[in-house]
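Here the structure comes first, spelled out in structure tokens, and everything after it is commentary.
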Amino acid sequence: QVQLVESGGGSVQAGGSLRLSCAASGATYSNYCIAWVRQGPGKEREGVAFIDSDGSTSYVDSVKGRFTISKDNAKNTLYLQMNSLKPEDTAMYYCAAGLLTCDPVDAWGQGTLVTVSS
């Protein structure tokens, strides 16, 4: 079982940037699919970015061209670079992992809050 801890959230103006990090312990990211999932106020969970065990990435349409997911296997750290942030990006962001696949995920971090003001 991998343990995940997110950091890097904060408050920014629209158009600004943030980089979120997710540190893992108990396992290595190399054998996992890892995802960034967000939940805004009054909204359902939404998977926004994914990176599988082969390094392949995918994104929800609303963040394509603005967000970049990456990982450093040596440091067991996952990143989400968020540029050109919009108010609708405001949410609690979680990292989540599944062994070999993101469907299902079986580990979650505690979340880090991102607030984007207009």
Side-chain angles (χ1 to χ4, degrees):
Q1 182 73 42
V2 61
Q3 292 80 49
L4 306 169
V5 179
E6 302 95 332
S7 62
S11 297
V12 297
Q13 293 280 346
S17 297
L18 286 171
R19 188 177 74 160
L20 307 184
S21 299
C22 179
S25 62
T28 59
Y29 278 149
S30 61
N31 293 323
Y32 282 79
C33 176
I34 319 122
W36 286 100
V37 180
R38 67 186 181 188
Q39 186 168 24
K43 300 179 180 179
E44 296 183 3
R45 288 177 177 173
E46 177 186 39
V48 297
F50 306 84
I51 185 165
D52 68 19
S53 59
D54 294 326
S56 300
T57 60
S58 60
Y59 302 88
V60 68
D61 286 345
S62 61
V63 309
K64 286 181 179 177
R66 301 189 297 120
F67 291 10
T68 303
I69 188 171
S70 62
K71 63 178 180 178
D72 185 335
N73 285 333
K75 295 182 177 180
N76 269 357
T77 301
L78 177 75
Y79 302 99
L80 184 67
Q81 179 66 47
M82 305 186 294
N83 297 325
S84 301
L85 283 161
K86 303 175 180 179
E88 53 262 43
D89 296 319
T90 295
M92 186 72 75
Y93 284 73
Y94 303 87
C95 57
L99 183 61
L100 302 179
T101 178
C102 280
D103 185 12
V105 294
D106 54 22
W108 291 83
Q110 84 289 348
T112 187
L113 182 63
V114 172
T115 302
V116 184
S117 60
S118 60

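No hydrogens, no waters, no symmetry mates; every other heavy atom, side chains included, goes into these values.
Alongside Tyr79, the hydrophobic cluster contains no other residue (criterion: ILVMFWY side chains under 4.5 Å). The hydrophobic cluster containing Trp108, built from Ile/Leu/Val/Met/Phe/Trp/Tyr side-chain heavy atoms closer than 4.5 Å, also comprises Val37, Met92, Tyr94, Val105, Leu113.
Here the side chain of Gln39 pairs no donor or acceptor atom with the backbone of Glu44 at under 3.5 angstrom. With hydrogens and angles disregarded, no donor-acceptor distance shorter than 3.5 Å links the side chain of Glu6 to the backbone of Ser21. In this structure, Thr112 contributes its side chain and Gly9 its backbone to a donor-acceptor pair below 3.5 Å.
One finds the OH atom of Tyr93 at 9.0 Å from the CG atom of Leu18 (value rounded to the nearest 0.5 Å). Rounding to the nearest 0.5 Å places CG of Leu80 at 12.0 Å from CD1 of Ile34.
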Given the rule in the side-chain contact (heavy atoms from CB on, under 4.5 Å) test, do Asn31 and Leu99 qualify, once you have shown the distances and angles that lead to the verdict? CA-CA 6 Å; Asn31 293 323; Leu99 183 61; 4.2 Å; yes

Chi angles and distances behind the side-chain contact (heavy atoms from CB on, under 4.5 Å) call for Tyr32, Leu100: CA-CA 5 Å; Tyr32 282 79; Leu100 302 179; over 6 Å; no

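Arg66 is linked by a side chain to side chain contact (heavy atoms under 4.5 Å, CB included) to Val63, Ser84, Lys86, Asp89, counting only residues two or more places apart in sequence or in another chain. For Lys64, the side chain to side chain contact (heavy atoms under 4.5 Å, CB included) criterion is met by Tyr59, Asp61, not counting sequence neighbours. In this structure, the side-chain hydrogen bond (donor to acceptor under 3.5 Å, both in side chains) partners of Gln81, at least two apart in sequence or on a different chain, are Asn83. Residues satisfying the side chain to side chain contact (heavy atoms under 4.5 Å, CB included) test with Ala14, not counting sequence neighbours, are Pro87, Val116. Not counting sequence neighbours, the partners of Gln13 by the side-chain hydrogen bond (donor to acceptor under 3.5 Å, both in side chains) test are Ser117.
Within the structure, the disulfide bond (SG atoms under 2.5 Å apart) test picks out the following pairs touching residues 44-97 (sequence neighbours left out): Cys22-Cys95. Listed by first and then second residue, the disulfide bond (SG atoms under 2.5 Å apart) pairs involving residues 30-59 are Cys33-Cys102 (not counting sequence neighbours).
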Could you pull out every donor-acceptor pair under 3.5 Å between side chains of residues 68-75 and any protein atom, sequence neighbours left out?
unit_1, atom_1, unit_2, atom_2, d
Asp72, OD1, Ala74, N, 3.1
Asp72, OD1, Lys75, N, 3.3

Distance-only donor-acceptor hits, side chain of residues 46-56, under 3.5 Å, sequence neighbours excluded:
unit_1, atom_1, unit_2, atom_2, d
Glu46, OE1, Arg38, NE, 3.0
Glu46, OE1, Arg38, NH2, 3.2
Asp52, OD1, Asp54, N, 2.9
Asp52, OD1, Gly55, N, 3.0
Asp52, OD1, Ser56, N, 2.9

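The shortest non-hydrogen separation linking Ala97 to Val2 is CB-CG1, 4.1 Å.
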